[in-house]
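Quantities reported herein were computed from a predicted structural model and do not represent experimental measurements.
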Amino acid sequence: MTTKQRLIGDMPKIGIRPTIDGRRKGVRESLEAKTMNMAKYVAQLLSEKLHYNNGDPVETVIADTCIGGVAEAAQTKAKFDKENVGVTITVTPCWCYGSETMDMNPNRPNAIWGFNGTERPGAVYLAAVLAAHNQKGIPAFGIYGRDVQDIDDNTIPMDVQEKILRFAKSGIAVAMLKDKSYLSIGSVSMGIAGSMVDEDFFQNYLGMRNEYVDMTELTRRITEEIYDKEEFEKAYAWVKQNCIFGADTNAEENQRTAEQKEEDLKKNIKMTIITRDLMEGNPKLAELGYEEEAMGRNAIASGFQGQRQWTDHFPNGDFMEAILNSSFDWNGIRAPYMVATENDTLNAATMLFGHLLTNTAQVFADVRTYWSPDAVQRVTSHQLEGRASKGIIHLLNSGSAALDGTGEQEIDGKPVMKQFWEITEEEVNRSLQATQWRPANTEYFRGGGLSSNFKSKGDMPVTIARVNLVKGLGPVLQIAEGYTVDLPDKVHEVLNNRTDPTWPTTWFVPNLTGDGAFRDVYTVMNNWGANHCSMSYGHIGADLITLASMLRIPVNMHNVAEEKIFRPSAWNMFGTNDVEGADYRACQAYGPLYK
């Protein structure tokens with residue numbers, strides 16, 4: 001297992017701000033222990049429950065003293081700035097001086113937990129300081145437990161824990177994005193709008209920079225052997241030993257020769273190593289005399305154009321993308337990379353959201369086809385049952401999906417997609433055995449290559465999501481929680497063969513609400529805003545909604561229960577009856593986080 005630091009800079013920390021009534025000679029002194037204990041217990045909760053995407057526990061920093069006024073607020077800010085704090089949580093059991101103790105950083109997500117107790121008015125401070133945040137245009141999240149606690153009760157109620165963890169996960173994701181790069185390898189693929197890099201989106205909403213490399217850089221590095229040749233030999237041996245190569249479905253006159261296929265495989269492996277080196281750098285290249293190339297681009301995500309300027313002549317990028325997006329390769333089990341097919345920058349951003357919230361691999365897919373029950377029965381004579389009974393959506397792409405999507409990882413005998421540090425070697429082997437590498441469809445990919453071919457196991461709770469850009473509006477996010485489903489092998493084969501049997505398939509069914517975009521499966525498909533989505537393991541819609549509000553990206557469709565929605569307090573001021581409309585109005589009023 002590998003956990004090395006990939007990106008430049010330390011991991012962002014969570015700052016805990018214990019605020020207190022500043023009145024001395026009895027009031028403050030009686031509250032010091034309780035207030036600081038609240039901070040310590042929150043820090044303990046976060047370090048036990050949350051991890052960075054490299055597997056390390058999330059780090060917290062507690063203010064040196066309780067914060068009773070402006071001076072101590074400033075001292076805490078100075079400490080947090082030195083400690084690389086990217087998100088803050090203010091805690092208090094009592095009344096405090098709102099504008100004197102609040103966190104004034106407009107670019108750092110902040111939440112306030114006001115203790116629900118009767119001895120001291122923590123709820124009064126919470127309301128007062130949230131009003132100050134709203135008045136000053138610095139949105140903050142309010143956390144208030146449902147049940148009254150005694151002042152000496154140091155437990156964190158479950159409803160409070162849920163909000164603290166949801167806020168913290170989202171805040172860390174925001175902080176992880178900041179100052180990182182998105183690397184475009186090539187440009188626009190086949191006129192796909194998501195391939196058109198919108199620098200304002202990355203810079204103003206995500207705090208990221210954009211880097212660009214022409215696809216000829218891969219050709220240069222392959223030709224001039226600017227890669228670790230020892231690693232290539234290791235990778236080649238691993239692939240030959242562990243990967244299953246499936247049948248060629250091309251017509252005989254369109255098939256590549258055995259020699260061409262072998263060269264395609266070698267080139268695919270080199271493309272994988274080189275793309276990783278472009279993203280994060282590789283000190284081995286400096287030893288070879290390529291110090292500039294060794295630096296990398298500090299890229300937290302990348303995209304490969306591929307089609308068609310590359311794939312009409314060279315092997316496609318499916319192998320490269322599938323391996324990098326997976327949680328393992330020839331170097332062992334490790335954190336997945338985020339690499340978007342067809343340089344779909346907006347799907348890459350969505351993949352980043354899902355990955356940073358869950359620390360798991362993300363499955364890049366086309367939202368390919370809605371199959372109604374009637375259509376399935378007409379084509380296969382099969383009546384859809386169970387979760388699939390109201391129709392299914394075919395998630396299918398040309399072979400770039402993470403192999404974690406096979407569902408061969410397990411917890412209690414059920415298919416899952418795990419954080420990489422929980423994956424076993426046996427699960428890696430099962431994922432590889434469940435995947436066939438098929439010669440690419442040469443009608444699509446004239447230069448050959450390989451596509452990963454697998455079928456996701458059913459009964460996995462998953463969430464598909466997508467960021468879209470709308471002129472005059474900006475970015476919007478759409479979310480659909482649901483499940484993967486199994487189809488009988490013969491039914492799957494008939495349906496799958498109508499597109500391309502060499503590509504990875506996930507049969508997806510959204511959870512229906514009976515209203516709006518989720519009144520039926522067809523309407524979900526009909527309202528999807530682009531040809532791609534990113535699929536995360538688990539029902540993470542509520543986390544995505546919280547993250548989107550931090551970035552000021554409105555959510556245009558979701559099937560998350562309203563009681564799970566957690567946004568800054570200010571959103572309530574834009575309307576409590578029409579929650580979706582209030583989200584749009586608030587995001588428009590505040591504008592991008594880094595404007």
Side-chain angles (χ1 to χ4, degrees), residues 1-14 50-59 81-87 107-109 168-185 197 199 202-203 205-213 228 231 272-286 291-304 320-321 323-329 331-340 345 348-362 402 419-421 534 547 551 593-594:
M1 184 182 298
T2 57
T3 58
K4 69 185 181 70
Q5 181 82 12
R6 289 180 180 173
L7 302 169
I8 296 168
D10 296 329
M11 290 293 190
K13 299 174 184 176
I14 301 176
L50 299 184
H51 291 79
Y52 298 112
N53 66 337
N54 67 356
D56 292 339
V58 163
E59 293 187 56
D81 289 345
K82 289 180 181 179
E83 292 280 355
N84 192 36
V85 165
V87 55
N107 300 132
R108 190 163 59 193
K169 279 192 289 186
S170 300
I172 283 292
V174 169
M176 288 285 289
L177 292 168
K178 193 173 188 303
D179 297 326
K180 307 304 189 302
S181 302
Y182 175 80
L183 174 62
S184 293
I185 304 175
V197 179
E199 291 213 355
F202 280 94
Q203 179 178 326
Y205 283 90
L206 309 184
M208 293 174 60
R209 68 192 302 157
N210 295 90
E211 290 291 303
Y212 304 89
V213 173
D228 185 343
E231 182 181 0
T272 306
I273 295 171
I274 290 167
T275 297
R276 182 207 61 200
D277 290 352
L278 285 166
M279 292 178 67
E280 68 177 13
N282 187 346
K284 183 72 173 181
L285 301 184
E291 294 185 3
E292 181 181 1
E293 290 85 349
M295 297 296 290
R297 302 282 175 151
N298 197 37
I300 195 170
S302 69
F304 179 66
M320 169 192 77
E321 293 157 1
I323 290 294
L324 289 174
N325 283 326
S326 300
S327 298
F328 49 85
D329 61 17
N331 290 317
I333 300 168
R334 44 88 177 140
Y337 295 83
M338 298 295 110
V339 184
T345 67
T350 314
M351 292 169 73
L352 273 176
F353 293 170
H355 171 61
L356 294 175
L357 288 171
T358 66
N359 298 328
T360 59
Q362 305 295 292
Q419 297 165 326
F420 79 89
W421 58 90
S534 175
L547 173 60
L551 299 171
L593 182 59
Y594 303 105

Just jot down the salt bridge (charged side-chain N to carboxylate O under 4.0 Å, His left out) partners of [X], sequence neighbours excluded, or say none.
X	result
Asp10	none
Glu293	Arg220
Asp329	Arg334
Glu291	none

Q: Step by step, work out the side chain to side chain contact (heavy atoms under 4.5 Å, CB included) result for Ser302 and Thr275.
A: CA-CA 9 Å; Ser302 69; Thr275 297; 4.3 Å; yes
Q) Hey, mind stepping through Tyr52 and Glu59 against side chain to side chain contact (heavy atoms under 4.5 Å, CB included) and telling me if it holds? A) CA-CA 9 Å; Tyr52 298 112; Glu59 293 187 56; 3.7 Å; yes
Q | Distance-only side-chain donor-acceptor flag, Glu231 / Asn331, under 3.5 Å | A | yes
Donor-acceptor check, side chain of [X] to backbone of [Y], threshold 3.5 angstrom: yes or no?
X	Y	value
Asn325	Glu321	yes
Arg6	Ala335	yes
Gln362	Thr360	yes
His51	Pro57	no
Asp277	Ala294	no

Q: Assess whether side chain to side chain contact (heavy atoms under 4.5 Å, CB included) is satisfied between Ile300 and Leu352, documenting all intermediate values.
A: CA-CA 8 Å; Ile300 195 170; Leu352 273 176; 3.8 Å; yes
Can you name the side chain to side chain donor-acceptor pair (under 3.5 Å) partners of [X], sequence neighbours left out?
X	value
Gln419	none
Gln203	none
Tyr594	none
Asn210	none

Q) Does Arg276 pair with Asp228 as a salt bridge, N-O distance under 4.0 Å? A) no
Could you give the distance from [atom1] ([X]) to [atom2] ([Y]), rounded to the nearest 0.5 Å?
X	Y	atom1	atom2	value
Lys13	Glu83	NZ	CD	4.0 Å
Asn298	Ile8	CG	CD1	4.0 Å
Phe420	Asn359	CZ	CG	8.5 Å
Ile273	Ile323	CD1	CD1	11.0 Å
Arg209	Arg297	CZ	CZ	10.0 Å

Atom of [X], atom of [Y] and distance for their closest heavy-atom approach:
X	Y	answer
Leu357	Ala173	CD2-CB, 4.5 Å
Asn53	Met176	OD1-CE, 3.3 Å
Pro109	Asn107	CD-O, 3.8 Å
Ile14	Ala168	CD1-CB, 3.8 Å
Ala361	Ser327	CB-OG, 3.8 Å
Arg108	Gly86	CG-O, 3.1 Å

Q: Sequence neighbours left out, what passes ring pair (Phe, Tyr, Trp, His ring centres under 6.0 Å) with Phe202? Give chain and number order.
A: Tyr182
Q. If we only count heavy atoms from C-beta on, is the Val174 to Val87 side-chain gap below 4.5 Å?
A. no
Q | Listed partners of Ala175 passing side-chain contact (heavy atoms from CB on, under 4.5 Å), at least two apart | A | Pro12
Q) Would Leu551 and Phe353 count as a side chain to side chain contact (heavy atoms under 4.5 Å, CB included) if you check the C-alpha gap in whole Å, the side-chain angles of each, and the deciding distance to 0.1 Å? A) CA-CA 11 Å; Leu551 299 171; Phe353 293 170; 3.7 Å; yes
Q. Does anything in residues 171-181 pair up under side-chain hydrogen bond (donor to acceptor under 3.5 Å, both in side chains), and if so which pairs, sequence neighbours excluded?
A. none
Q. For Met11, does the CE atom have more than 12 heavy-atom neighbours from other residues, nucleotides or ligands under 6.0 Å away?
A. yes
